[in-house]
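The next block holds one structure in the form of structure tokens; read it before the comments.
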Amino acid sequence: MAHQHAIIGFGGMGTWHWQNVTERVDGLDVKGIYDIREEACQSAKEKGLHVYASLQELWDDKDVDLVTIAVPNNFHKELSIAALRAGKNVICEKPVTLNAGELEEIIKVRDETGKLFAVHQNRRWDKDYCIVKKILEEGTIGTPYYIESRVLGSRRAMHGWRGHKVNGGGMVYDWGIHLLDQAMNLIDSKVVSVDAHLFNIFSDGVDDNFKLFMRFENGVSYLIEIATNCFINLPRWHVTCNDGTAVVEDWACNGKMVKLNTDEEMAWDDEIVYTEAGPTRTMAPRPKQTTAELELPKVETDWADYYKNILDVIDNGAELIVKPEQSLRVMKVIDKTFESAALGHGLECYL
């Protein structure tokens, strides 16, 4: 028998959850929604969904055992706690909370109720991320020591409530939380320092562009950049390892790897080499036969696997993939990010 599912907040992401579950997840039926906006309720009715008149009506519905929360960020904590105490399993949109302390409160209630609580970090299933993950896991170009991860755009806009500080708006919470979650699951090591630069180019009160530079305990340096005011984009990923470099150019996953050819030793010439950069030996072009160009690895990914894991946890006691404890670690780095930006310098940490 299929699990009954309700969605709190039927805006852009709430509608996306409904469509994704309805079309691609067996064993889960969206029964209804709760939203305070009349237009959202009308949209849900047109889709054949039940519209709860109040949160209490939803909490009292014993048929619903899974609730997804897709409302502005500042309401995540109170709604998550209320849903857990009503006996519901809960999926909360990212960022799960506005700070680490709020998430610790939710985790405490999760432990008290024994219900499932998960954060919707769906971009662990992004194809570009999974390609980079596979490259590093397989050691194709050696051991990483510097990674750049970027999402760049030029629309100079943040939709709706995402532009308001009270709602937890801004690019750190919106896109940064995704890239930070990816980084901290890509590199198996503690974060030992953060240096954040937040910019307000066209908005008041929230960051619309930012750069975050992190160092991990194992020696990996990592740059995260989100821009809404960039008119010449850099690659989505640039990964530097001791035996080569990988580039993923865009969301379509165009790119390549260039790897050292260990069968071809490069001899250094004592003579100065004259290049477009002037006389140099260090930056002269490497002989072509000393490297090999490789295609990026092939991966198969599906965002619906997130929900399939949730059902497997509820039905079979499987291991939860996106664990709240992982999100708590991310939120602690988010806290340090805002602190670093406010102070205007980098901070040491051990997270």
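Ion pair Lys259/Asp243 not flagged as a salt bridge, since none of the NZ, NE, NH1 or NH2 atoms sits closer than 4.0 Å to an Asp/Glu carboxylate oxygen. The pair Arg24-Asp302 counts as a salt bridge, with a side-chain nitrogen and a carboxylate oxygen less than 4.0 angstrom apart. A salt bridge links Asp61 with Lys31: the distance from a Lys NZ or Arg NE/NH1/NH2 to an Asp or Glu carboxylate oxygen falls below 4.0 Å. In this structure, Glu148 pairs ionically with Arg150, as a charged nitrogen and a carboxylate oxygen lie closer than 4.0 Å.
Evaluation of the side chain to side chain donor-acceptor pair (under 3.5 Å) test over residues 334-351, restricted to residues two or more places apart or in two chains, returns Glu217-Tyr350.
Taken to the nearest 0.5 Å, the CE atom of Met214 stands 10.0 Å off from the OG atom of Ser221. Rounded to the nearest 0.5 Å, atoms CD (Gln121) and CG (Leu180) are 9.0 Å apart.
Relative to the ring axis of Trp18, Lys47 places its NZ or CZ within 45° and under 6.0 Å from the centre. A cation-pi arrangement is absent between Arg162 and Trp175, since the terminal nitrogen or guanidinium carbon is not both under 6.0 Å from the aromatic centre and inside a 45° cone about the axis.
Surrounding CD of Glu295 are at most 12 heavy atoms belonging to other residues, nucleotides or ligands under 6.0 Å away. Other residues, nucleotides and ligands contribute only 12 or fewer heavy atoms inside 6.0 Å of the CG atom of Asp26. Surrounding CG of Leu343 are more than 12 heavy atoms belonging to other residues, nucleotides or ligands, all under 6.0 Å away.
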Got a list of side-chain donor-acceptor pairs under 3.5 Å for residues 197-207, not counting sequence neighbours?
residue : atom : partner : partner atom : Å
Asn200  : ND2  : Val206  : O            : 2.4
Ser203  : OG   : Val206  : O            : 2.9
Ser203  : OG   : Asp208  : OD2          : 2.9
Asp207  : OD2  : Met171  : N            : 3.0
Asp207  : OD2  : Val172  : N            : 2.8

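A search for side chain to side chain donor-acceptor pair (under 3.5 Å) contacts involving Asp188 returns nothing, not counting sequence neighbours.
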